[in-house]
Q: 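The structure under discussion is supplied below as structure tokens; questions concerning it will follow.
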Amino acid sequence: EELSRDRIMAEEDVVVIAVNGTLMRELKLNPTMLKNGGVFEREGRTAPEYRLWTIKEDEHPAMVRVREGGRSVELELWKVPQAGLVSILINEPPGLCIGKVILEDGQEVLGVLGENHLVETHGKEITEFGGWRKYTSSKI
């Protein structure tokens with residue numbers, strides 16, 4: 001059963017999470033976000049400290065924070081009940097995890113990141129596109 005927006009906004013145990021791939025609106029795993037009480041807050045961008053890869057022939061992206069060679073990546077910010085966050089994580093593909101993401105305004109939020117091993121063994125870098133939507137739309 002989906003949680004109502006009013007109930008989510010009234011709860012104190014809500015966290016903001018940054019997503020940069022298939023959890024975004026209208027994409028493959030977005031129903032998981034909605035089923036777990038996620039409410040879209042706004043579009044955003046990371047600080048220019050990230051690189052982005054496509055994993056296993058475009059199944060999903062993986063974003064990694066780097067010391068050099070990074071750029072700003074487009075993402076979405078969602079409000080999610082803490083309990084829902086656990087369920088979302090369980091359904092994420094292997095090699096993705098939750099960590100702190102720095103937004104372009106300096107704010108830190110939780111976000112979906114990729115493990116180095118994942119991008120090194122299954123990734124093709126797509127940082128130049130600036131985001132998953134731009135990358136996937138370039139392939140049409």
Side-chain angles (χ1 to χ4, degrees):
E1 178 181 20
E2 292 187 21
L3 299 174
S4 75
R5 179 182 174 92
D6 293 338
R7 182 172 163 210
I8 291 169
M9 295 304 142
E11 294 178 15
E12 293 180 11
D13 65 340
V14 173
V15 295
V16 174
I17 181 171
V19 298
N20 60 70
T22 57
L23 284 170
M24 293 192 297
R25 290 170 297 159
E26 300 174 11
L27 298 183
K28 182 171 59 176
L29 293 181
N30 186 253
T32 301
M33 177 72 82
L34 297 172
K35 183 177 86 176
N36 287 286
V39 176
F40 176 75
E41 187 174 85
R42 66 181 174 89
E43 293 178 350
R45 298 188 68 83
T46 67
E49 300 175 11
Y50 294 86
R51 290 170 65 186
L52 191 64
W53 284 263
T54 181
I55 304 300
K56 295 181 182 175
E57 299 183 29
D58 302 336
E59 282 184 20
H60 61 84
M63 184 174 75
V64 177
R65 188 173 178 205
V66 294
R67 289 190 343 204
E68 53 187 53
R71 93 178 253 196
S72 183
V73 174
E74 294 176 348
L75 46 72
E76 291 182 354
L77 298 165
W78 287 74
K79 289 185 177 179
V80 179
Q82 289 178 16
L85 185 60
V86 172
S87 182
I88 290 168
L89 265 179
I90 289 169
N91 288 294
E92 279 290 271
L96 296 182
C97 56
I98 294 291
K100 294 281 185 99
V101 172
I102 302 170
L103 303 179
E104 64 183 347
D105 64 3
Q107 179 185 5
E108 285 187 10
V109 297
L110 293 178
V112 179
L113 297 168
E115 296 173 351
N116 287 331
H117 183 269
L118 177 67
V119 300
E120 291 168 2
T121 58
H122 299 290
K124 178 182 108 182
E125 188 164 3
I126 58 168
T127 304
E128 65 195 55
F129 291 91
W132 182 245
R133 285 189 196 275
K134 285 185 179 174
Y135 169 72
T136 56
S137 69
S138 77
K139 299 193 57 112
I140 296 173

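Only heavy atoms go into these numbers, but all of them, side chains included; no hydrogens, no water, no symmetry mates.
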Q: Please check this pair: side chain of Arg71 against backbone of Glu128, looking for a donor-acceptor N/O pair closer than 3.5 Å.
A: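 Yes, because the side chain of Arg71 sits within donor-acceptor range (under 3.5 Å) of the backbone of Glu128.
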Q: So, Arg45 and Ser72: side-chain donor and acceptor under 3.5 Å apart, yes or no?
A: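 Short answer, yes.
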Q: Do Gln82 and Val14 have side-chain heavy atoms sitting under 4.5 Å apart?
A: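 Side-chain contact under 4.5 Å: no.
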Q: Any chain of hydrophobic side-chain contacts (each under 4.5 Å) joining Val15 to Val112?
A: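 Cluster IDs for Val15 and Val112 match.
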Q: Test side chain to side chain contact (heavy atoms under 4.5 Å, CB included) on Leu52 and Glu125; report intermediate values, then the result.
A: CA-CA 6 Å; Leu52 191 64; Glu125 188 164 3; over 6 Å; no
Q: Using 0.5 Å steps for rounding, measure from the NZ atom of Lys139 to the OG1 atom of Thr54.
A: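 Separation between the atoms: 7.0 Å.
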Q: Please name the pair of heavy atoms, one in Trp132 and one in Pro61, separated by the smallest distance, quoted to 0.1 Å.
A: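 Closest heavy-atom pair between Trp132 and Pro61: CE3-CB, 3.3 Å.
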Q: So, do Leu34 and Val39 sit near enough that their side-chain heavy atoms are less than 4.5 Å apart?
A: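 No; the side chains remain at least 4.5 Å from each other.
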Q: Quick check: closest heavy atoms across Gly114 and Ala62, and the distance to 0.1 Å?
A: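 Heavy atoms of Gly114 and Ala62 come nearest at CA-CB, 3.9 Å.
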Q: Short question: side chain of Thr46, backbone of Val73 - any donor-acceptor pair under 3.5 Å?
A: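 Side chain of Thr46 to backbone of Val73, a donor-acceptor pair under 3.5 Å: yes, one is there.
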Q: Given 3.5 Å as the limit, does a donor-acceptor pair link the side chain of Thr136 with the main chain of Arg133, or not?
A: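 Checked: pair present.
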Q: How close do Gly38 and Pro81 get, counting heavy atoms only, and between which atoms?
A: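 Nearest heavy atoms, Gly38 then Pro81: N-CD, 4.5 Å.
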Q: Give the minimum heavy-atom separation between Asn20 and Glu74, together with the two atoms involved.
A: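 Answer, listing the atom of Asn20 first, then Glu74: CB-O, 4.0 Å.
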Q: Can you tell me how far apart CH2 (Trp53) and CD (Glu120) are? Round to the nearest 0.5 Å.
A: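 Interatomic distance, Trp53 CH2 to Glu120 CD, rounded to 0.5 Å: 8.5 Å.
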Q: To the nearest 0.5 Å, how far apart are CD in Glu92 and SG in Cys97?
A: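 Glu92 CD to Cys97 SG: 10.0 Å, rounded to 0.5 Å.
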Q: Taking the side chain as every heavy atom from C-beta outward, state whether Tyr50 and Val64 have any atom pair closer than 4.5 Å.
A: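 They are not in contact (no side-chain heavy atoms under 4.5 Å apart), so the answer is no.
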Q: Let's go through Thr32 and Asn91 carefully: what are the C-alpha distance in whole Å and the side-chain angles of both, what is the deciding distance for side chain to side chain donor-acceptor pair (under 3.5 Å) to 0.1 Å, and is it a yes or a no?
A: CA-CA 8 Å; Thr32 301; Asn91 288 294; 5.2 Å; no
Q: Can you tell which of Leu103, Val101, Val109 makes a side chain to side chain contact (heavy atoms under 4.5 Å, CB included) with Val16?
A: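 When side chain to side chain contact (heavy atoms under 4.5 Å, CB included) is applied between Val16 and each of Leu103, Val101, Val109, only Val109 qualifies.
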Q: In chain order, what residues pass the ring pair (Phe, Tyr, Trp, His ring centres under 6.0 Å) check against Phe129, with sequence neighbours excluded?
A: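 Result, ring pair (Phe, Tyr, Trp, His ring centres under 6.0 Å) vs Phe129: Tyr135.
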Q: Distance-only check: which donor-acceptor pairs under 3.5 Å involve side-chain atoms of residues 22-31, not counting sequence neighbours?
A:
from  : atom 1 : to    : atom 2 : distance (Å)
Arg25 : NE     : Glu76 : OE2    : 2.9
Arg25 : NH2    : Glu43 : OE2    : 2.7
Arg25 : NH2    : Glu76 : OE2    : 3.2
Lys28 : NZ     : Glu59 : O      : 3.3
Asn30 : ND2    : Leu23 : O      : 2.8
Asn30 : ND2    : Met24 : O      : 3.4

Q: Taking the side chain as C-beta and beyond, is there a heavy-atom pair between Leu85 and Ile17 under 4.5 Å?
A: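 Touching, per the 4.5 Å side-chain cut-off.
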Q: Following the transitive rule for hydrophobic clusters with a side-chain heavy-atom cut-off under 4.5 Å over Ile, Leu, Val, Met, Phe, Trp and Tyr, establish whether Ile55 and Leu89 coincide in one cluster.
A: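 Per the 4.5 Å side-chain linkage, Ile55 and Leu89 are co-clustered.
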Q: To check you understand the geometry: which heavy-atom pair defines the closest contact between Arg51 and Glu68, and what is its length?
A: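 Residues Arg51 and Glu68, closest heavy atoms: CD-O, 4.4 Å.
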Q: Can you tell me how far NZ of Lys56 sits from NE2 of His122, rounded to the nearest 0.5 angstrom?
A: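 Reported to 0.5 Å precision, the distance equals 4.5 Å.
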Q: Applying the side chain to side chain contact (heavy atoms under 4.5 Å, CB included) test to Met63, which of Leu96, Val119, Thr127, Leu113 qualifies?
A: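 So, applying the side chain to side chain contact (heavy atoms under 4.5 Å, CB included) to Met63 and each of Leu96, Val119, Thr127, Leu113, only Leu113 qualifies.
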